[in-house]
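We number each residue from 1, following the sequence as shown. This is a predicted model, so every value here is computed, not measured.
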Amino acid sequence: AAAKKISLSWKKTPGAAGYVILRKEKGGSWKELRTIKNGKTVSFADKKVKKGVQYSYRIKAYSGKTFSSVSSVSVKAK
């Protein structure tokens, strides 16, 4: 059975134009999941998850062409 979703939230980065969310499955490589083009949006729900799979997420703030790593988290889908 498919898991419903994994909800992510993070602290707003001052001056961020938006955020890029990257995801990888355990043993896999990082893939861009979503680009949020609004610096005020600080949450995201990943609805394409499989039950029992370990996912890692990385959220990067961007402003122009400059990126800064905001946070990383690992979660197991239930």
Side-chain angles (χ1 to χ4, degrees):
K4 291 184 180 171
K5 66 182 177 180
I6 293 175
S7 296
L8 306 171
S9 63
W10 56 91
K11 287 186 177 180
K12 186 177 175 200
T13 301
Y19 301 92
V20 176
I21 300 168
L22 301 138
R23 179 181 83 175
K24 77 171 183 175
E25 291 183 23
K26 190 173 182 178
S29 57
W30 289 103
K31 292 188 175 123
E32 191 174 308
L33 189 63
R34 175 70 55 94
T35 298
I36 296 170
K37 296 180 179 176
N38 182 344
K40 294 177 184 171
T41 301
V42 291
S43 63
F44 174 72
D46 183 1
K47 295 177 183 168
K48 295 181 180 178
V49 294
K50 295 177 215 149
K51 189 174 181 177
V53 175
Q54 182 85 22
Y55 294 100
S56 296
Y57 294 90
R58 191 174 282 164
I59 295 129
K60 290 180 171 182
Y62 71 85
S63 177
K65 293 184 179 181
T66 308
F67 286 88
S68 64
S69 191
V70 174
S71 57
S72 281
V73 67
S74 269
V75 198
K76 191 171 216 174
K78 295 179 180 175

Residues two or more places apart in sequence or in another chain: which of them pass salt bridge (charged side-chain N to carboxylate O under 4.0 Å, His left out) with Glu25? Lys50
Rounded distance [0.5 Å steps], [atom1] in [X] versus [atom2] in [Y]:
X	Y	atom1	atom2	answer
Lys76	Ile6	NZ	CD1	11.5 Å
Lys47	Ser7	NZ	OG	9.0 Å
Ile21	Glu32	CD1	CD	9.5 Å
Ile36	Ser43	CD1	OG	7.0 Å
Lys4	Lys51	NZ	NZ	10.5 Å
Arg34	Arg23	CZ	CZ	11.5 Å

I'd like to know whether Leu33 forms a side chain to side chain contact (heavy atoms under 4.5 Å, CB included) with Phe44, so could you lay out the CA-CA distance, the side-chain angles of the two residues, the decisive distance to 0.1 Å, and finally the verdict. CA-CA 10 Å; Leu33 189 63; Phe44 174 72; 3.6 Å; yes
Minimum side-chain heavy-atom gap [X]-[Y] below 4.5 Å:
X	Y	answer
Ser29	Lys24	no
Tyr19	Thr13	yes
Val20	Tyr62	yes

Given 3.5 Å as the limit, does a donor-acceptor pair link the side chain of Tyr57 with the main chain of Val75, or not? no
